[in-house]
Amino acid sequence: MVRITAHTAERWHDGSTVDMNASMMSLSLEIVARTLFATEVDDDIREINEQTNQIMGIYNFLIAFPNAERFLHWPIPGLVKFRRARGKLDRVVNRIIATRKVDGEDRQDLLSMLLLARDEDGSALSDSQLRDEVLTIFLAGYETTANALSWTWYLLATNPEVQERMYAEVAEVLGDRAATLEDYAQLKYTTMVFAEGMRLYPPAWAMGRMSTEPVEMGGYRLPPGTHWFTSQYIIQRDERFFPDPLRFDPLRHTDEEKAKRDKFAYFPFGGGQRQCIGEAFAWLEGVLLLATLAHRWRMEWIPGQPVDVEEKITLRPRYPMQMRLHARSKADAAARDEAAILKA
Ligand code: HEM
């Protein structure tokens, strides 16, 4: 994670402008791809990204219909596009799996783990199970983190006091070296910044459940088979749980503050049996990536840009997020760090 991020940080230029959302997408895509597949397969990664975007484009249409699978074969242009994109995705992933099966090498990545996994009865995953596992982790694993990071950079750039305080922590913990796994536990304020970014802009903004037995909830009786949605975006902006809810304040996430509120007032990773399986991965990636880029660069928000959410499967920024980059010289950083510490 750190190596891939540091590589991006090295390629940036002082005074230039970047679209942070595009940068975060390509960074997190590369991180999850390398974790899953160990090698860089640039063309395949690009293809997967492109087809995913096509599928996202018609997602709102699909969720508008319960049991949408039943209509997927209809000759409607949006569905034809969806089927084509799904076919291409399947082909890329099937080819990666087939190649790996032939060479048989254990590359210590997630795909090798899945290939080597055996059930209690000794059976391996079937090809379609493998494809589904790989695609699920791939798709669940990069859009979400990329969006969380894009929104967090936006909030940091538009809240200079928070930004300075986070920079002070990064300078203090990292000094002159790159981040390591051991630093994660020390980057406490940075972790709270990431948490607060996901409170205001939860990448998974709503999630669904279906009752399998009669349930009573909030005075309503729901028969089995009822579908409902719970929205992180709405609940995490409710002033009953977060006073002055639109204020970006990482200190809402101290252990003390967390202990005071209901467990499900803040649930960017869902909950219960289906809770996100990648949560620990996402925290690690989010915090190490924020620290690695902040170590070298300060992002300045270019005023006058429109900002809005685009509510697809994930909560994407609707427009590019242009930011000007300023290299953090050591002296510069020291002066800012001191000012931030005094303020805090
Ligand atoms: C900031 C980043 C992320 C957010 C906000 C997020 C959020 C979520 C949410 C809300 C769910 C549904 C949970 C529920 O229904 O209770 C979920 C499921 C899932 N996530 Fe994540 N996720 C993130 C990153 C990741 C990463 C990095 C991976 C993989 C490396 C991943 C893999 C999965 C998988 C496989 C599921 C389905 C779990 C199941 O149904 O058993 N996620 N995620």
Side-chain angles (χ1 to χ4, degrees), residues 1-2 4-5 20-21 24-38 45 48-49 52 56 59 63 89 93 108-114 117 125 129-155 184 190-212 227-237 250 253 263-290 309-317:
M1 287 166 183
V2 171
I4 292 169
T5 311
M20 279 309 257
N21 189 224
M24 294 305 108
M25 280 287 182
S26 59
L27 263 179
S28 61
L29 183 62
E30 200 181 331
I31 289 173
V32 83
R34 299 252 298 209
T35 316
L36 261 177
F37 305 128
I45 294 173
I48 293 173
N49 190 26
T52 308
M56 290 277 181
Y59 171 75
I63 60 162
L89 261 185
V93 176
Q108 308 276 310
D109 58 4
L110 203 53
L111 181 55
S112 288
M113 287 168 72
L114 290 169
L125 292 171
Q129 282 173 323
L130 269 172
R131 182 207 57 202
D132 290 350
E133 293 296 335
V134 166
L135 268 178
T136 304
I137 292 184
F138 200 96
L139 301 185
Y142 83 96
E143 269 263 350
T144 41
T145 317
N147 289 331
L149 283 161
S150 303
W151 288 113
T152 304
W153 285 119
Y154 160 70
L155 290 163
Y184 175 69
T190 310
T191 305
M192 290 194 280
V193 165
F194 190 51
E196 181 68 347
M198 287 192 286
R199 179 184 72 80
L200 282 165
Y201 295 100
W205 58 277
M207 54 185 216
R209 289 289 190 263
M210 187 192 82
S211 54
T212 52
H227 291 256
W228 72 86
F229 281 93
T230 316
S231 171
Q232 287 91 335
Y233 187 75
I234 293 172
I235 292 177
Q236 293 174 185
R237 286 172 171 237
H253 303 275
K263 184 176 167 214
F264 284 109
Y266 180 80
F267 59 113
F269 295 96
Q273 274 198 64
R274 310 301 306 188
Q275 162 135 13
C276 176
I277 201 171
E279 176 169 357
F281 187 99
W283 282 109
L284 195 63
E285 178 179 350
V287 172
L288 292 181
L289 194 147
L290 283 173
V309 294
E310 185 173 41
E311 62 289 5
K312 298 286 185 188
I313 300 179
T314 60
L315 199 69
R316 292 174 158 194

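Whatever order the structure lists ligands and atoms in, that order sets their numbers, starting from 1. In what follows, residues are counted from 1 in the order of the sequence shown.
Phe269 CE2, 3.4 Å is the protein heavy atom nearest to atom 4 (C) of ligand 1. For atom 33 (C) of ligand 1, the nearest protein heavy atom (residue, atom name, distance) is Ala140 CB, 3.5 Å. Closest to atom 39 (C) of ligand 1, if we only count protein heavy atoms, is Arg274 NH2, 3.4 Å.
Comparing heavy-atom distances from atom 16 (O) of ligand 1 across Gln273, Arg209, Gln232 singles out Arg209 as nearest. For atom 35 (C) of ligand 1, the candidate residues are Thr35, Leu284, Ile277, Thr144; the nearest heavy-atom contact is made by Ile277. With atom 30 (C) of ligand 1 as the reference point, the heavy atom nearest to it among Ile137, Leu149, Ile31 is part of Ile137. The heavy atom nearest to atom 17 (C) of ligand 1, considering only Cys276, Pro268, Ala204, is found in Cys276.
Heavy atoms of Met198 found under 4.0 angstrom from ligand 1 belong exclusively to the side chain. Heavy atoms of Phe281 found under 4.0 angstrom from ligand 1 belong exclusively to the side chain. Counting heavy atoms under 4.0 Å from ligand 1, residue Met207 touches it through the side chain alone. Contacts with ligand 1 closer than 4.0 Å are made by side-chain heavy atoms of Pro203 only, the backbone lying farther away.
Relative to the six-membered ring of Tyr201, Arg237 meets both conditions, a distance below 6.0 Å and an angle of at most 45° to the axis.
Remark: ligand 1 and Gly141 share no N or O pair separated by less than 3.5 Å (distance only, no angle test).
By the 4.5 Å heavy-atom criterion applied to side chains, Ile313 and Glu143 are not counted as neighbours. Between Met113 and Gln108, every side-chain heavy-atom pair lies at or beyond the 4.5 Å cut-off.
Residue Gly270 has at least one heavy-atom neighbour below 4.0 Å for each of these atoms of ligand 1: 10 (C), 13 (C), 14 (C), 16 (O). Below 4.0 Å from some heavy atom of Gly271 lie the following atoms of ligand 1, by number and element: 16 (O). In summary, the atoms of ligand 1 found under 4.0 Å from a heavy atom of Ala282, numbered by their order in the structure, are 1 (C), 2 (C), 24 (C).
In this structure, Met198 and Pro203 approach most closely via the heavy-atom pair CG-CD, 4.0 Å. Of all heavy-atom pairs between Ile48 and Phe138, the closest is CG2-CE2, 3.3 Å. Scanning both residues, Gly197 and Leu155, for their nearest heavy atoms gives CA-CD1, 3.8 Å. Contact record, Ile31 with Met1: CG2-CG, 3.7 Å, taken as the closest heavy-atom pair. Among all heavy-atom pairs drawn from Ala265 and Ile235, the shortest one is O-CG2, 3.8 Å.
Checking side-chain atoms of Trp153 against main-chain N and O of Met24 turns up no donor-acceptor pair under 3.5 Å.
Distance screen at 4.0 Å: atom 37 (C) of ligand 1 has no protein heavy-atom neighbour inside the cut-off.
Side-chain N/O atoms of Asn147 and Ser150 include no donor and acceptor closer than 3.5 Å.
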